[in-house]
Amino acid sequence: MTATTHVIDHPLVQHKLSVLRMKETSTSKFREILRETALLLGYEVTRDLRLTTTRIETPLQPMDTPVLDGKKLCFVSIMRAGEGLLEGMLDLVPSARVGHVGLYRDPETLEAVEYYFKMPSHLDEREVIVVDPMLATGHSAVAAITRLKQEGARHIRFVCLLAAPEGVAVLHETHPDVDIYTAAVDEGLNEKAYIVPGLGDAGDRIYGTK
Ligand code: URA
């Protein structure tokens, strides 16, 4: 199985990403534009969801009409920056279920350590869309997806705003069944594992922290 990286080159996505990258973009503007961008990314990541047909009545007559098939979607936010993407995704699919994974990086081993994990039931029957704005080293995404698979998830996609080639490679290698959806793949990582040129620390930019 070979996973694909889908770069969403829609002009609106690319324009909004440029505004998000600008260092002078304020916290409130950043949050607002990230939410709008997430909705557009969400549109692309849900493009091939399965449909079934149901019988309804319009005010004029009965008809067979398409509706989403199966259990409700599950968005999984990798905290804390994932929350910034989650809001836009929920604007698009308000009925989706939501899971959260909390991970921090152990300063000694640099491994991702889980501190929180809460998921809806029947993960195995849901399309699971994991969201985190920055796919940098890939360690958090890999850890979150490994855990989701242990909990039964079988259909997983990963959405980010920006990816580094290093993170893309690690995620594809470890989870070759998981497609990546991103607005751009940047040059690479600097010595502090920030994506360059990037947009800085996504969590700090969303919440106005340092
Ligand atoms: N996380 C961020 O928020 N920014 C980066 O550039 C890399 C990881």
Side-chain angles (χ1 to χ4, degrees), residues 5-8 13-42 45 75-89 99-117 129-148 157-175 178 180-210:
T5 298
H6 306 260
V7 177
I8 312 303
V13 171
Q14 293 303 313
H15 180 87
K16 287 174 194 296
L17 173 60
S18 297
V19 179
L20 291 168
R21 288 184 189 276
M22 293 172 192
K23 65 178 184 191
E24 61 272 23
T25 298
S26 67
T27 301
S28 63
K29 220 33 190 177
F30 190 93
R31 222 182 276 149
E32 180 186 322
I33 294 173
L34 182 59
R35 186 170 180 153
E36 293 167 1
T37 312
L39 190 145
L40 296 168
L41 295 174
V45 71
F75 294 126
V76 174
S77 163
I78 302 182
M79 298 192 293
R80 74 184 159 146
E83 300 299 287
L85 277 185
L86 178 64
E87 291 188 8
M89 299 275 172
H100 285 90
V101 186
L103 297 162
Y104 71 89
R105 194 196 299 192
D106 184 298
E108 310 254 293
T109 64
L110 303 184
E111 291 298 316
V113 181
E114 183 183 304
Y115 65 88
Y116 189 80
F117 188 87
I129 298 176
V130 180
V131 302
D132 190 353
M134 310 298 271
L135 178 61
T137 61
H139 293 156
S140 303
V142 163
I145 291 169
T146 300
R147 180 73 152 87
L148 284 165
R157 304 156 194 225
F158 182 83
V159 182
C160 58
L161 182 64
L162 274 185
E166 295 90 329
V168 169
V170 166
L171 186 49
H172 279 333
E173 195 178 311
T174 321
H175 294 294
V178 176
I180 299 170
Y181 294 75
T182 184
V185 180
D186 270 8
E187 283 164 23
L189 298 176
N190 70 10
E191 64 293 344
K192 291 186 171 158
Y194 277 92
I195 297 176
V196 282
L199 51 74
D201 186 295
D204 286 347
R205 299 214 51 196
I206 294 166
Y207 296 112
T209 48
K210 276 208 155 228

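Every value quoted in this text rests on a predicted model; they were computed, and no experiment measured them. Here, residue 1 is the first one in the sequence, and each next residue gets the next number. Both counts, for ligands and for their atoms, begin at 1 and track the order of listing.
- In this structure, the protein non-hydrogen atom closest to atom 6 (O) of ligand 1 is I195 N, 2.7 Å.
- Between L17 and the options T37, T182, L34, L161, a side-chain contact (heavy atoms from CB on, under 4.5 Å) holds for only L161.
- Considering backbone and side-chain N/O atoms, A202 comes within less than 3.5 Å of an N/O atom of ligand 1.
- The shortest distance between side-chain heavy atoms of L20 and R205 does not fall below 4.5 Å.
- Looking at I206 and F30, their side chains come closer than 4.5 Å, going by heavy atoms from C-beta outward.
- By the 3.5 Å distance cut-off applied to N or O atoms, A193 is not counted among the residues near ligand 1.
- In this structure, the side chains of R147 and L103 stay at 4.5 Å or more apart for every pair of heavy atoms.
- Nearest protein heavy-atom contact of atom 8 (C) of ligand 1 is A136 CB, 3.7 Å.
- Here the closest heavy-atom approach between residue G200 and residue M134 is recorded as O-CE, 3.8 Å.
- Of the polar atoms of G200, at least one N or O is found under 3.5 Å from an N or O of ligand 1, judged by distance alone.
- Heavy-atom proximity to D201, at under 4.0 Å, picks out these atoms of ligand 1: 2 (C), 3 (O), 4 (N).
- Taking the side chain as every heavy atom from C-beta outward, F158 and V168 never approach each other to under 4.5 Å.
- The single protein non-hydrogen atom nearest to atom 2 (C) of ligand 1 is M134 CG, 3.5 Å, given as residue, atom name and distance.
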